[in-house]
J.: 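I have a structure here, written as structure tokens, and I will follow up with some questions on it.
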Amino acid sequence: MSKILSYILFIGFVVGAGLLSGLTNMPGEWYQSLEKPFFNPPSWLFGPVWTTLYVMIGVAGARIWQRAPKSAAMQLWFAQVAFNLMWSPAFFGLQNPELALVVIAGMLATIIAFMVKARPIDGISTLLFVPYLAWVAFASVLNLSIAWLN
């Protein structure tokens, strides 16, 4: 597979799957009725942040795929994508912040494990995950706060 094609496929997969997950599990009246912490970001911020992160996740995935497609890092990349795609259905679809908290804990763990395993293979892929890790850590605190307040 050519390098350009792998970037297109990985970015397209992550952005497309993230968009599909988000569009099929939109926040609705239930979410609007929840008590939220003072640090809850405005709704308009989530789309641009996640789109940017999804592109970075896709680039990191393509870079690892090009260097070590059968590595533990690559397996962890797919695992973190799976956890990522499960969060919206758990939180918004099932309206279950506690289940979503379990999912996001798995996401955090696989993000960190990916970064550890990817570093010797491709340091840039590890760096591409730093903003993702920071956002998911913040989202974890937000998720926990919403679960606690409601």
J.: Measure the acute angle between the ring planes of Trp77 and Phe13, then classify it against the limits of 30° and 60° as parallel, tilted or perpendicular.
T.: tilted

J.: To the nearest 0.5 Å, how far apart are CD1 in Ile111 and CG in Asn84?
T.: 7.0 Å

J.: Nearest 0.5 Å, please: how far is CD1 in Ile64 from CG in Leu128?
T.: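 One finds 9.5 Å between CG of Leu128 and CD1 of Ile64.
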
J.: Val130, Ile121: one ILVMFWY side-chain cluster at the under-4.5 Å cut-off?
T.: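 Yes: a chain of side-chain contacts under 4.5 Å links Val130 to Ile121.
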
J.: Hey, does the side chain of Thr51 reach the backbone of Pro48 with a donor-acceptor pair shorter than 3.5 angstrom?
T.: no

J.: Assess the side chains of Gln95 and Tyr31: does a donor N or O sit below 3.5 Å from an acceptor N or O?
T.: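 The answer is no; no qualifying pair exists.
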
J.: Begin from the C-alpha positions of Trp135 and Tyr132 and carry the test ring pair (Phe, Tyr, Trp, His ring centres under 6.0 Å) through to its verdict.
T.: CA-CA 5 Å; Trp135 183 257; Tyr132 180 35; over 10 Å; no

J.: What is the minimum heavy-atom distance between Lys70 and Gln75, and which atoms define it?
T.: O-NE2, 4.1 Å

J.: Side chains of Trp65 and Met74: closer than 4.5 Å at any heavy-atom pair?
T.: yes

J.: What pair of heavy atoms forms the shortest contact from Ala68 to Ser71, and how long is it?
T.: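 Closest pair (atom of Ala68, atom of Ser71, distance): O-OG, 2.8 Å.
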
J.: Run Trp50 and Phe46 through ring pair (Phe, Tyr, Trp, His ring centres under 6.0 Å) and show every step you take.
T.: CA-CA 6 Å; Trp50 275 114; Phe46 290 94; 8.3 Å; no

J.: Can you get from Val49 to Leu19 by hopping between Ile, Leu, Val, Met, Phe, Trp and Tyr side chains that sit under 4.5 Å apart?
T.: no

J.: With rounding to the nearest 0.5 Å, note down the distance linking CG in Leu34 to CD in Glu29.
T.: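 With rounding to 0.5 Å, CG (Leu34) is 12.0 Å from CD (Glu29).
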
J.: State, yes or no, whether a side-chain contact exists between Ile57 and Gln80 at a heavy-atom distance under 4.5 Å.
T.: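 They are in side-chain contact.
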
J.: Is Phe138 linked to Val102 within one hydrophobic cluster, defined over Ile, Leu, Val, Met, Phe, Trp and Tyr using a side-chain heavy-atom separation of less than 4.5 Å?
T.: no

J.: If every non-hydrogen atom of Pro37 is compared with every non-hydrogen atom of Leu149, which pair is closest and at what distance?
T.: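 Answer, listing the atom of Pro37 first, then Leu149: N-CD1, 3.6 Å.
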
J.: Atom OG1 in Thr24, atom CZ in Phe92: separation rounded to 0.5 Å?
T.: 11.5 Å

J.: Let me confirm one number: the NZ-CD1 distance from Lys3 to Ile8, rounded to the nearest 0.5 Å.
T.: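 These two atoms lie 14.5 Å from each other.
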
J.: Indicate yes or no: at least one non-hydrogen side-chain atom of Leu133 is less than 4.5 angstrom from one of Leu108.
T.: yes

J.: Ser140 and side chain to side chain contact (heavy atoms under 4.5 Å, CB included): which partner among Leu142, Asn143, Val136?
T.: Val136

J.: Are the side chains of Thr110 and Phe114 in contact, using a 4.5 Å heavy-atom criterion?
T.: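 Phe114 does not reach Thr110 side chain to side chain.
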
J.: With the side chain counted from C-beta on, respond yes when Phe39 and Val141 share a heavy-atom pair under 4.5 Å apart, and no when they do not.
T.: yes

J.: Report yes if the side chains of Lys36 and Asn150 come closer than 4.5 Å at any heavy-atom pair, otherwise no.
T.: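 No, side chains not in contact.
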
J.: Can you hop from Val14 to Ile124 via hydrophobic side chains spaced under 4.5 Å?
T.: yes

J.: Please examine the side chains of Pro97 and Leu101, heavy atoms only from C-beta on, and report whether any two atoms are closer than 4.5 Å.
T.: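 Contact flag for Leu101/Pro97 side chains = no.
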
J.: May I ask you to test the Asn96-Phe91 pair for a side-chain heavy-atom distance under 4.5 Å?
T.: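 No; the side chains remain at least 4.5 Å from each other.
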
J.: Where do Ser6 and Ala62 come nearest, in terms of heavy atoms and distance?
T.: O-CB, 3.8 Å

J.: Suppose clustering is done on Ile, Leu, Val, Met, Phe, Trp and Tyr with side-chain heavy atoms closer than 4.5 Å. Which residues sit in the same group as Leu20?
T.: none

J.: Applying side-chain hydrogen bond (donor to acceptor under 3.5 Å, both in side chains) as the test, list every pair that has at least one member in residues 118-131; sequence neighbours left out.
T.: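 Sorted result for residues 118-131: Arg63-Asp122, Asp122-Ser125.
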
J.: Rounded to the nearest 0.5 Å, how far does CE of Met107 lie from CG of Leu85?
T.: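 Leu85 CG to Met107 CE: 8.5 Å, rounded to 0.5 Å.
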
J.: Please answer: with hydrophobic residues joined when any side-chain heavy atoms are less than 4.5 Å apart, are Val103 and Trp30 in the same cluster?
T.: yes

J.: Should the heavy atoms of other residues, nucleotides or ligands under 6.0 Å from CG of Leu45 be counted, would the total exceed 12?
T.: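 Yes, enclosed.
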
